[in-house]
Amino acid sequence: MEMVSELRNILNDRQLEGVLQTEGPVLILAGAGSGKTRVLTHRIAYLMEEKHVAPWNIMAITFTNKAAREMRERVNRIAGVGAEAVWVSTFHSSCVRILRRFADRIGYGTNFSIYDTDDTKTVMKEVLKQLNIDTKKFKERMFLNEISNCKNELIGPEDYAGKVSANPSEKMKATVYREYQARLRANNAMDFDDLILNTVNLLRLDSEVLLYYQERLHYIMVDEYQDTNSAQFELVRLLSGARKNLCVVGDDDQSIYKFRGANIYNILNFERYFPEARVIRLEQNYRSKGNILKVANAVIQHNKGRKEKKLWTEKEAGQLPRFRQFDSAYEEAAFIASDIKKKERALEADYKDFAVLYRTNAQSRILEEKFMLENIPYKIVGGVNFYQRKEIKDILAYLKAIDNVRDDVAVRRILNVPKRGIGATTEGKIAEYALDNGLSFYEALEQAENNPQVLRAAKKIKSFVDFMEVLSSKLEYEGLTGLVRNILDETGYYSELLAEGTDEAKTRIENLDEFISKTSDYESCFRMEKEAEGETVDATKMLSGFLEEVSLIADIDSVEENDQYVVLMTLHSAKGLEFPCVYLSGLEDGLFPSFMSISSEDGGEEVEEERRLMYVGITRAMETLTMTAAKARMVRGETQYHAVSRFVKEIPKELIDGTLPTYDKSANFDSFSYDGGKREGYGSLAYGGVSGYGGGAQAMRSKRQPKETSAASYKKKLDTLVSKGMATKTEGLAYREGDQVRHKKFGVGVVQKIVDGGRDYEVTVAFETAGVRKMFAAFAKLEKL
DNA sequence: TTAAGTTAAGTTTTT
DNA sequence: CTTAACTTAA
């Protein structure tokens, strides 16, 4: 029991209880920053060292690869020898691992493909086309969401069909679900939800497999339990079996994935499922300064549906969290950038100590701009995933098609990439032929010669099929990276981009190069591992392994702790992380909480979820917290005016450095401007709709003027402005044909032609750098040199 | 068949 | 502002 006394030195009583209570179901309600990962890692070490549990009998499940990796590192460090054998992974990759082994028992090939959101949308489009459903009336997304919700609740297509009413729209949904699922199965593919659902189905249907895993996994731990959905709960319930050594760690106040099917009742009702469960509360926070915690508590108290708890800390109060409101989002971003720069210069913190959090990915742009301006190193997490870029998806589609020829989505994607003269018509006919004859798309391609409908394209198809054959054969001899190089060369993909020479093409090439280095990394790791185990290298396995890893990557996974940069990310991505200095930006009603949540009719549940998100954001901060808002911000190309977020108003004044603004109907907007667009005097009415009440859901909107792009939009702009009496035909121009002039954007050029176009003169100018352009004199504001 | 160009529509949040 | 879907010209 030497270890226990050692543990007593580094853990508090509650944490220690969590470590020592190894048997039976345990629910650890762990507030933010209360050291839950610490408990889990020490628990694993304790199981191994004191309880002599074999490491391969222990499983720890997290949500992201990053969290898994971190836990793995900490376990290795603390538990020492043998710790590598502890099964630490995410829900999704655990399931993939199980399914890769046993999927054949539920009618899938073990080399099944994993479809991302784009792929599922493609499948859904096909389904709706086949069923003659008008996608204008019923959106793909709607069906996909419904199906996802079903899968998260373990409702299969048959269950769904059985339970829906005679209501035609419900019946249609059931048909769509069935057809969608049939397609996935035909493609030997699973979507993200299927990974969990099918694993549960497998364990339920095949007692041999169930027993196998139950005998292997004696102790199961689940991190971020508040974000599990019903299917995930059922999965761990099944796995833990009769032993019920299931330890879940979570915080109902940090449940922020309800929209994704997370079931808060998993945590609230854990004791109902397991009456014998031990419940342990961790309420001492080791992360944040006192004042930050006070703010967090003040905000979360406004939620009704929660388990009452209050975080406390022994830390000093620290600085008061700041709140600042700015006239525009530009000023907000500029403030954040310069504030960070100031602190870094003053050596108060390194760049890696800062995080800027926001509600939506779109908000990152403006921040990025200001960070570039200030020369601050930064990293944006999220947005467009590397693996979702066109060129990467293209090359991946080749690999997927080689890995699993039944993957119709992949085969169809590359059929005409690069251009082979096989167009949409031909593709449609092949698809039809495949459907009629119960073939996969690729099989239909192989039989194109027998297909009277595609006589003309048959030759081109044949060469495509031959090409794929050749490629497939390369895998074994040239390896994964060799195959990728081959694909890029032989398809001409690379040379086409090289020839294009545009900036866009260059970034594509860079991306492809990065992709190659990723495959090559994976390949050498794979080979080394196999060599160490004395196994031969199976190139097919290597390919599937690579694709699998790639398809389960999340954006947050790429964040490295030790690199010197400020991270910018959504509040969702920030869950589980901590930073000395945190900026919460865009705290505006209508943005955060979002317009959707405010206007939702569910009795405030969605706003409560947003409030939990705010709570997550606040509790990321260790030393300082800065909250900011903007009065005006561009959203989707139009300027919106928002009131300060209700969440900010929920904080007692004395806890904030900074004042909440008072709303004045005659608020003056002359202090800011936005790019190029003429304001048409909304200044005085801007706050009319938001002042007075706390809501501000109906943020005022204003149309933005079109950007100066083409002659057509000039004309439109002119029309609008002329009709409003804001622009008139220029009376006599200051320049003539042949004169040298300067344009604000295009620089210096020579006037070639001036045509009287009625309302205005149409001027043609040959610019030195921007080429020859036609423009209207009233707008071009050309300056004679 | 394809490229280019125009218009309509849309957004939380993600494994 | 971006993206997808549609139209038209080559």
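In the text below, chain A, chain B and the rest are named by the order of the sequence lines, each starting its count at 1.
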When you measure from the side chain of [X], which nucleotide among [options] comes out closest?
X: A/Thr426; options: B/dT15, C/dA5, B/dT1; value: B/dT1
X: A/Lys125; options: C/dA5, B/dT11, B/dT14; value: C/dA5
X: A/Arg260; options: B/dT11, B/dT14, C/dA5; value: B/dT14
X: A/Arg636; options: B/dG10, B/dT13, C/dT2; value: B/dG10
X: A/Lys139; options: B/dT2, B/dG10, B/dT13; value: B/dG10
X: A/Thr360; options: C/dA5, B/dT13, B/dT15; value: B/dT13
X: A/Thr425; options: B/dT1, B/dT15, C/dA5; value: B/dT1

Counting any heavy atom closer than 4.0 Å, what does [X] reach on the DNA or RNA strands: base, sugar-phosphate only, or nothing?
X: A/Arg612; value: nothing
X: A/Glu610; value: base
X: A/Glu224; value: nothing
X: A/Phe192; value: base

OP1 or OP2 of [N] under 4.0 Å from side-chain N/O of [X]:
X: A/Thr570; N: B/dT14; answer: yes
X: A/Thr117; N: B/dT14; answer: no
X: A/Asn361; N: B/dT13; answer: yes
X: A/Lys258; N: B/dT13; answer: no
X: A/Ser594; N: B/dT13; answer: no
X: A/Arg365; N: C/dT2; answer: yes

Tell me: [atom1] of [X] to [atom2] of [N], nearest whole Å?
X: A/His92; N: B/dT14; atom1: NE2; atom2: C1'; answer: 9 Å
X: A/Leu144; N: B/dT15; atom1: CG; atom2: P; answer: 18 Å
X: A/Leu571; N: B/dT11; atom1: CG; atom2: P; answer: 21 Å
X: A/Asp191; N: B/dT15; atom1: CG; atom2: P; answer: 15 Å
X: A/Asp118; N: C/dT3; atom1: CG; atom2: P; answer: 12 Å
X: A/Leu357; N: B/dT14; atom1: CG; atom2: P; answer: 12 Å
X: A/Asn229; N: B/dT15; atom1: CG; atom2: P; answer: 14 Å
X: A/Met124; N: C/dA4; atom1: CE; atom2: C1'; answer: 18 Å

Is a side-chain donor-acceptor pair under 3.5 Å present for [Y] with [X]?
X: A/Gln232; Y: A/Asp227; answer: no
X: A/Tyr115; Y: A/Asn187; answer: yes
X: A/Glu368; Y: A/Tyr378; answer: yes

Do A/Asp119 and A/Lys393 sit within salt-bridge range, that is, some charged N less than 4.0 Å from a carboxylate O?
-> yes
Indicate yes or no: does A/Arg646 engage A/Glu650 in a salt bridge with an N to O separation below 4.0 Å.
->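 Judged by the 4.0 Å cut-off on N to carboxylate O distance, A/Arg646 and A/Glu650 do not form a salt bridge.
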Does C/dA5 have a Watson-Crick or wobble partner in any strand here, with both distances under 3.5 angstrom, and which is it?
-> B/dT6
By the Watson-Crick or G-U definition, both distances under 3.5 Å, C/dA10 is matched with B/dT1
May I ask whether A/Tyr257 stacks on the base of B/dT14, given the cut-offs of 5.5 Å between ring centres and 30° between planes?
->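 Check failed, A/Tyr257 does not stack on base of B/dT14.
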Upstream residue (5' side of DNA chain B) when A/Asn416 and A/His572 are each assigned their closest nucleotide |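 Closest to the 5' end, via its nearest nucleotide, is A/Asn416.
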In terms of the angle between their ring planes, are A/Tyr108 and A/Phe112 parallel, tilted or perpendicular, with boundaries placed at 30° and 60°?
-> perpendicular
Measure from NZ or CZ of A/Lys518 to the centre of the six-membered ring of A/Phe386, then state whether that distance is under 6.0 Å and the direction lies within 45° of the axis.
-> yes
